[in-house]
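Report on the following structure.
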Protein chains: 2
Amino acid sequence: MTEKQEKILQSALELFAKEGFHATSTSKVAKNACVSEGLIFRHFGNKEGLLSAILQLGENRIKALFVDIVMESDPKEVIRKAILMTSGIDKADYDFWKLQFKLKWELEVSSDKKMEPLKMALTNAFNKLGYEEPELEANLIILFIDGIGSAVLKGSELDSEEMMRFLIKKYNL
Amino acid sequence: MTEKQEKILQSALELFAKEGFHATSTSKVAKNACVSEGLIFRHFGNKEGLLSAILQLGENRIKALFVDIVMESDPKEVIRKAILMTSGIDKADYDFWKLQFKLKWELEVSSDKKMEPLKMALTNAFNKLGYEEPELEANLIILFIDGIGSAVLKGSELDSEEMMRFLIKKYNL
DNA sequence: CTTAATAGTGAGTAATCACTTGCAAAAGTA
DNA sequence: TACTTTTGCAAGTGATTACTCACTATTAAG
């Protein structure tokens, strides 16, 4: 991957996150990246190709976030780490995650599949801890993680750290 | 409001919800509504004006949904009704609510303010029931409602009815 | 009936859209 | 060195964008 190629990707990420995919023109991306507009199409084929490249990065990053949770053997620790998942994300990466959330709405891609390994790990954890309906408990945690993530990235006033602490207390973790 | 004016609003709602605001052109809206494109600008000024009109409808509808909850005096019933809030929405109104959720991301409008009365009612209810941290409990419920709504409107596989039943059981309501 | 306001149209507008093309500079590769 | 491939740019392309304008049809009040 060339230097300019990365610059295009970085600029697209920033602008797509800030303004949205459809509201961002390829000429804007090119200007922001200080390259000719044609170069975008040379490297990524079309605008959707550019988006796909970004989406692929997202897939990889989310997998990386899950690894630490899924590999954990202590069930209590699995749930704790899941709840705290979003606390670990760098502020410099906000654009990146914001885009991922935004695109779930803009492109109608279901996030169920991506969350599947996390759901399995949580279900298993709740099962080990003797909860009556482990799968529903897992769904609930995922709902909260997603909700907290959304709130933070949308710039809500919600104190995410306090919510996580509260949840951890609620589950005796 | 004229017949054609309503048709424009209806078409815009449908298309904005399906394709997104920026991805829907005014000419598409006009065609779908079987009116001349110019009429849109006569009545709504510009594309954003059309959006504002739709957004205003949303504000009113969400207030109507809240009334039944906020007016309830029995604290347990307040929480129960809040949890079940999304179960009452008509499938014919899916486009409408989908657009409201979509726009929260596309236009970066915080939904905190709209949710404020609901949060107050829930906080009060949890307080009456002797919960230690009523405000955080309220936040959690709102997070849940928002999450269920998102999941359903995004076409997730999540069984929302079962999740609601599960939560109601969890809170002994 | 007259008049004025509103509702509605359809053919424009300049600007912008995603994308292409021709060509040159650079970088491998032998 | 000579040749091929990749990288990059500038100047285009036709289509579409949000929006305007000149005009007509309809309505309603005096």
Side-chain angles (χ1 to χ4, degrees), chain A residues 1-58 95 98-100 102-109, chain B residues 1-58 95 98-100 102-109:
Chain A
M1 173 122 35
T2 30
E3 192 184 326
K4 303 217 167 190
Q5 213 163 342
E6 282 190 49
K7 247 190 172 178
I8 290 171
L9 230 43
Q10 176 59 39
S11 289
L13 180 63
E14 181 189 328
L15 292 173
F16 288 174
K18 220 165 273 174
E19 326 263 358
F21 175 68
H22 282 110
T24 304
S25 66
T26 48
S27 87
K28 261 193 218 165
V29 174
K31 250 170 221 159
N32 195 279
C34 299
V35 297
S36 69
E37 198 180 347
L39 196 58
I40 294 175
F41 297 92
R42 160 125 299 155
H43 283 311
F44 301 98
N46 51 32
K47 200 185 171 188
E48 293 243 347
L50 177 55
L51 183 65
S52 296
I54 292 173
L55 239 37
Q56 190 54 56
L57 291 176
D95 271 354
K98 199 167 169 178
L99 180 57
Q100 302 295 322
K102 252 185 163 155
L103 290 177
K104 280 196 285 184
W105 283 103
E106 203 163 349
L107 306 179
E108 312 268 343
V109 272
Chain B
M1 176 125 30
T2 12
E3 193 184 326
K4 302 218 170 189
Q5 213 163 342
E6 280 191 50
K7 248 188 171 180
I8 291 171
L9 229 45
Q10 177 58 40
S11 289
L13 179 64
E14 180 189 329
L15 292 172
F16 288 174
K18 222 166 270 174
E19 327 264 357
F21 174 67
H22 287 291
T24 304
S25 65
T26 49
S27 87
K28 261 194 220 164
V29 174
K31 249 171 223 159
N32 195 280
C34 300
V35 297
S36 68
E37 197 179 348
L39 195 57
I40 293 175
F41 296 93
R42 160 126 301 158
H43 283 311
F44 301 97
N46 52 32
K47 200 185 170 187
E48 293 241 347
L50 178 54
L51 183 66
S52 296
I54 292 173
L55 239 38
Q56 191 54 56
L57 291 177
D95 272 355
K98 197 168 171 179
L99 180 58
Q100 302 294 321
K102 250 184 164 157
L103 291 176
K104 281 197 286 185
W105 283 104
E106 204 163 348
L107 306 178
E108 311 266 346
V109 272

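Labels below follow one simple rule: chain letters A, B, ... track the order of the sequence lines, proteins then strands, and each chain is numbered from 1.
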* Asked: How do A:Gly38 and B:Gly38 order along DNA chain D: which one's closest nucleotide is nearer the 5' end?
  ->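 Result: A:Gly38.
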Between [N] and [X], is there an OP1 or OP2 to side-chain N/O distance shorter than 4.0 Å?
X: A:Ser25; N: C:dC17; answer: yes
X: B:His43; N: C:dG8; answer: yes
X: B:Ser27; N: D:dA18; answer: no
X: B:Thr2; N: C:dG8; answer: yes

[atom1] of [X] versus [atom2] of [N]: gap in Å, rounded?
X: A:Lys7; N: D:dC9; atom1: NZ; atom2: P; value: 10 Å
X: A:Phe44; N: C:dT20; atom1: CZ; atom2: C1'; value: 18 Å
X: B:Lys4; N: D:dT26; atom1: NZ; atom2: C1'; value: 12 Å
X: B:Met1; N: C:dA7; atom1: CE; atom2: P; value: 11 Å
X: A:Ile8; N: D:dC9; atom1: CD1; atom2: C1'; value: 12 Å
X: A:Phe21; N: C:dC17; atom1: CZ; atom2: C1'; value: 12 Å
X: B:Ile40; N: C:dG8; atom1: CD1; atom2: C1'; value: 12 Å
X: B:Phe16; N: D:dA18; atom1: CZ; atom2: P; value: 9 Å

* **Nearest-nucleotide 5' precedence on DNA chain C, A:Glu37 against A:Arg42** =>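 This one resolves to A:Glu37.
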Looking only at atom types and distance, does a side-chain atom of [X] sit under 3.5 Å from a main-chain N or O of [Y], one as donor and one as acceptor?
X: B:Lys102; Y: B:Phe21; result: no
X: B:Glu106; Y: B:His22; result: yes
X: A:Lys18; Y: A:Thr24; result: no

* Asked: Only one of A:Leu99, A:Asn32, A:Val29 forms a side-chain contact (heavy atoms from CB on, under 4.5 Å) with A:Glu14, so which one is it?
  ->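 Testing each of A:Leu99, A:Asn32, A:Val29 against A:Glu14, the sole residue satisfying side-chain contact (heavy atoms from CB on, under 4.5 Å) is A:Asn32.
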* From the list D:dA18, C:dG8, D:dT7, which nucleotide is the closest neighbour of the side chain of B:Phe41? ->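 Taking heavy atoms from C-beta onward, the closest nucleotide is D:dA18.
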* **CA sep, side-chain torsions, deciding dist, call: B:Leu9, B:Leu57, side chain to side chain contact (heavy atoms under 4.5 Å, CB included)** => CA-CA 10 Å; B:Leu9 229 45; B:Leu57 291 177; 4.2 Å; yes
